[in-house]
Amino acid sequence: MAGPETLTATACVAGCGPAGAVLGLLLARAGVEVVVLEKHADFLRDFRGDTVHPSTIEVLAELGLAERFLALPHHKVSTVGFVRDGRTVDVADFSTLDLKYPYIAFVPQWDLLHLLVSEAARLPHFRLVMEAEAYDVRREGGRITGVRFRTPDGDHHVRAHLTVAADGRHSAVRRAAGLRPREFGAPMDVLQFRLSRRDTDPDEGYHLRMAGGRAVAVINRGTYWNIAYMIRKGGYEELRGAGIQPLRDDVADLVGFLADRVGELAGFEDTRFLEVRLNRLRRWRSPGLLLIGDAAHAMSPIAGVGINLAVQDAVAAANILTRHLQRAQHTGEPIPERMTAAVQRRRWAPTVTTQALQRTAQRFGIDRALRAQAAPDYGAIVRIPLVRKAMSRLLGVGVRPEHVRLPPKSR
Ligand SMILES: Cc1cc2nc3c(=O)[nH]c(=O)nc-3n(C[C@H](O)[C@H](O)[C@H](O)COP(=O)(O)OP(=O)(O)OC[C@H]3O[C@@H](n4cnc5c(N)ncnc54)[C@H](O)[C@@H]3O)c2cc1C
């Protein structure tokens, strides 16, 4: 972009994570003029989650993308569980459900986002602006009518009938709209880093291990392990103060096969601190604005379901709003607030239920593990067949799975 520019679109989506990319694609596919703003120059960041659940793969199949998605390098994992004090507990087993894709596919998120935006880029109604950071909303007569954003060239704005905040858990659009989520708290933050992977390592997608007041998750990225080391909230400075060796020792203790290469971690400059939040807005909308994904309800990493929820929000929003957006595109009629309210109503129960599950796991699982307190016998609970089946469904499919309802506009 050279010089200040005003873009116009029917819908402006701030943020091209899973929620924004899926919504942008769905709207453009239905002939709605959409501008998606992404503040980073690329999608290549390690902190993005890697888990694509059965219901999200089904959405990709409904978009005609399953084959291309499954051709990306990935690992399939059909159980979700953890190892605590040397004992393995499987919480969910998707192979017991009648699903077309009975597994989580671990795919680097940049590959998933590239797939979605490359598909969208073929559509005439889609425009993605990279390095475009939304920092304020535009208002006219009490309605939000777009966003102000900056690129390396300066400040610009988008005028739109509907603005969608899909800019994640630190949403700038949410702040500019004056909305504040209710915080539920999280007992941990995450330190993320890489260690190399060898051919002799286990060929698994994911390990979560907890023992002696420490917890670490390792994700297989082919040539390296992406590691999420959990720290008690507020414990980061103390960890840093102790130097890098205790961190190396913890990883070596918890994940024995990595002991021979923890030295690759030269210092804290090789790590990245990630804040975990769990919160939810009471109202996911204002006149002219809808919030979805983490911008409406930040998810904790527990069970790796945040991407799934974000995608499901996007599908629900497209199903409910597309016809109104198509009308607005032709007549200029504003999007009725009852329709953005309908999106929140549709997604409320799945969000509240999943967050309740994460809060329980945080309180009785992670918090106790990080305090090295005795844990309940989770194994006995999840061995009950009904509990296991319910957990498998809840994690793999969610409470109210969404399906793509609108056919693509013929071109
Ligand atoms: C440490 C950690 C690990 C996690 N691991 C997993 C996991 O493995 N699996 C899982 O399912 N969930 C995981 N989660 C949760 C998951 O990351 C989120 O629930 C999910 O990414 C939400 O998707 P989203 O599209 O709403 O937001 P995001 O993924 O946060 O995407 C927001 C996008 O908006 C962009 N953006 C931000 N601000 C602006 C702005 N002002 N203007 C323009 N663009 C902007 C960002 O660059 C980003 O691309 C994890 C969370 C944390 C904190």
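Predicted, not measured: the structure shown is a model, and the values here were computed from it. Both counts, for ligands and for their atoms, begin at 1 and track the order of listing. Nothing fancy with the numbering, it's 1 onward along the sequence.
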A.B. asks: My understanding is that we take every heavy atom of each candidate and find the minimum distance to atom 7 (C) of ligand 1. Doing that for Gly15, Ala14, Gly17, Gly49, which one comes out nearest?
C.D. replies: Gly49

A.B. asks: Return yes if a side-chain donor-acceptor contact under 3.5 Å exists between His297 and Asp313, otherwise no.
C.D. replies: yes

A.B. asks: Looking at His403, is its backbone amide N or carbonyl O close enough to the side chain of Asn319 to form a donor-acceptor pair, meaning the two atoms are under 3.5 Å apart?
C.D. replies: yes

A.B. asks: Tell me which one of Asp167, Ile292, Leu274, Val190 gets a heavy atom nearest to atom 45 (C) of ligand 1.
C.D. replies: Asp167

A.B. asks: Check Leu258, Leu195, Val262 against Arg248 for a side-chain contact (heavy atoms from CB on, under 4.5 Å) and give me the one that passes.
C.D. replies: Val262

A.B. asks: Side-chain donor-acceptor pair under 3.5 Å between Asn279 and Glu183, yes or no?
C.D. replies: yes

A.B. asks: For Glu119, give me all partners under side-chain contact (heavy atoms from CB on, under 4.5 Å), at least two apart in sequence or on another chain.
C.D. replies: Leu25, Leu65, Arg68, Arg122

A.B. asks: Check whether any heavy atom of Ala132 sits under 4.0 Å from an atom of ligand 1.
C.D. replies: yes

A.B. asks: Using a plain distance cutoff, I'd like to know if His40 has any nitrogen or oxygen under 3.5 Å from a nitrogen or oxygen of ligand 1.
C.D. replies: yes

A.B. asks: Regarding Arg221 and Asp50, does a basic nitrogen lie under 4.0 Å from an acidic carboxylate oxygen?
C.D. replies: yes

A.B. asks: Is there any N or O on Pro301 that sits under 3.5 Å from an N or O of ligand 1?
C.D. replies: no

A.B. asks: Determine, stepwise, if the pair Trp225 / Asn220 fulfils side chain to side chain contact (heavy atoms under 4.5 Å, CB included).
C.D. replies: CA-CA 5 Å; Trp225 293 99; Asn220 184 345; 3.5 Å; yes

A.B. asks: Under 3.5 Å, N or O to N or O, is Ile307 touching ligand 1 that way?
C.D. replies: yes

A.B. asks: Mark up the atoms of ligand 1 that fall under 4.0 Å of a heavy atom belonging to Thr51, in ascending order.
C.D. replies: 7 (C), 8 (O), 9 (N), 10 (C), 11 (O)

A.B. asks: Report, in ascending order of atom number, the atoms of ligand 1 lying under 4.0 Å from any heavy atom of Glu133.
C.D. replies: 41 (N), 42 (N)

A.B. asks: Rounded to the nearest 0.5 Å, how far apart are OH of Tyr224 and CZ of Arg194?
C.D. replies: 3.5 Å

A.B. asks: Just distances here: any N/O of Arg169 and N/O of ligand 1 closer than 3.5 Å?
C.D. replies: no

A.B. asks: Taking side-chain contact (heavy atoms from CB on, under 4.5 Å) as the test, write out the residues that go with Leu394, two or more places apart.
C.D. replies: Thr353, Leu357, Val399

A.B. asks: Closest by any non-hydrogen atom to atom 29 (O) of ligand 1: pick that one out of Ala172, Gly168, Pro18.
C.D. replies: Pro18

A.B. asks: Any side-chain to backbone donor/acceptor pair from Gln329 onto His161? Under 3.5 Å, distance only.
C.D. replies: no

A.B. asks: Any nitrogen or oxygen of Gly306, main chain or side chain, under 3.5 Å from a nitrogen or oxygen of ligand 1?
C.D. replies: yes

A.B. asks: Any N or O on Ser300 sitting closer than 3.5 Å to an N or O of ligand 1?
C.D. replies: no

A.B. asks: Could you pull out the closest heavy-atom pair between Arg169 and Ala298, with the gap in Å?
C.D. replies: CB-CB, 3.7 Å

A.B. asks: Once you restrict to heavy atoms under 4.0 Å, what part of Leu37 touches ligand 1? Side chain, backbone, both or neither.
C.D. replies: backbone

A.B. asks: Using a 4.0 Å cutoff against the non-hydrogen atoms of Met299, which atoms of ligand 1 qualify?
C.D. replies: 15 (C), 19 (O)

A.B. asks: Could you say whether the N/O atoms of Gly304 and ligand 1 ever approach to under 3.5 Å?
C.D. replies: yes

A.B. asks: Using distance alone, determine whether Asn308 and ligand 1 share an N or O pair under 3.5 Å.
C.D. replies: no

A.B. asks: Check ligand 1 against Asp50 and write out every atom of the ligand that is under 4.0 Å from a heavy-atom position of the residue.
C.D. replies: 8 (O)

A.B. asks: Out of all atoms in ligand 1, which are within 4.0 Å of some heavy atom of Ala166? Include the element for each.
C.D. replies: 32 (C), 33 (C), 34 (O)

A.B. asks: Flag this pair as yes if the NZ/CZ of Arg150 is under 6.0 angstrom from the six-membered ring centre of Tyr135 and inside a 45 degree cone about the axis; otherwise no.
C.D. replies: yes

A.B. asks: Would one find an N or O of Gly293, backbone or side chain, under 3.5 Å from an N or O of ligand 1?
C.D. replies: no

A.B. asks: Within 45° of the ring axis of Trp348 and under 6.0 Å from its six-membered ring centre, is that where the NZ or CZ of Arg280 lies?
C.D. replies: yes

A.B. asks: Identify whether the distance between the nearest side-chain nitrogen and carboxylate oxygen of Glu58 and Lys100 falls below 4.0 Å.
C.D. replies: no

A.B. asks: Relative to the heavy atoms of Val305, which atoms of ligand 1 are at a distance of less than 4.0 Å?
C.D. replies: 10 (C), 11 (O)

A.B. asks: Number the atoms of ligand 1 from 1 as they appear, then name those within less than 4.0 Å of a heavy atom of Cys16, with their elements.
C.D. replies: 33 (C), 34 (O), 49 (O)

A.B. asks: Short N/O distance, under 3.5 Å, between Ala19 and ligand 1?
C.D. replies: yes

A.B. asks: At the 4.0 Å heavy-atom cut-off, does Glu275 count as touching ligand 1?
C.D. replies: yes

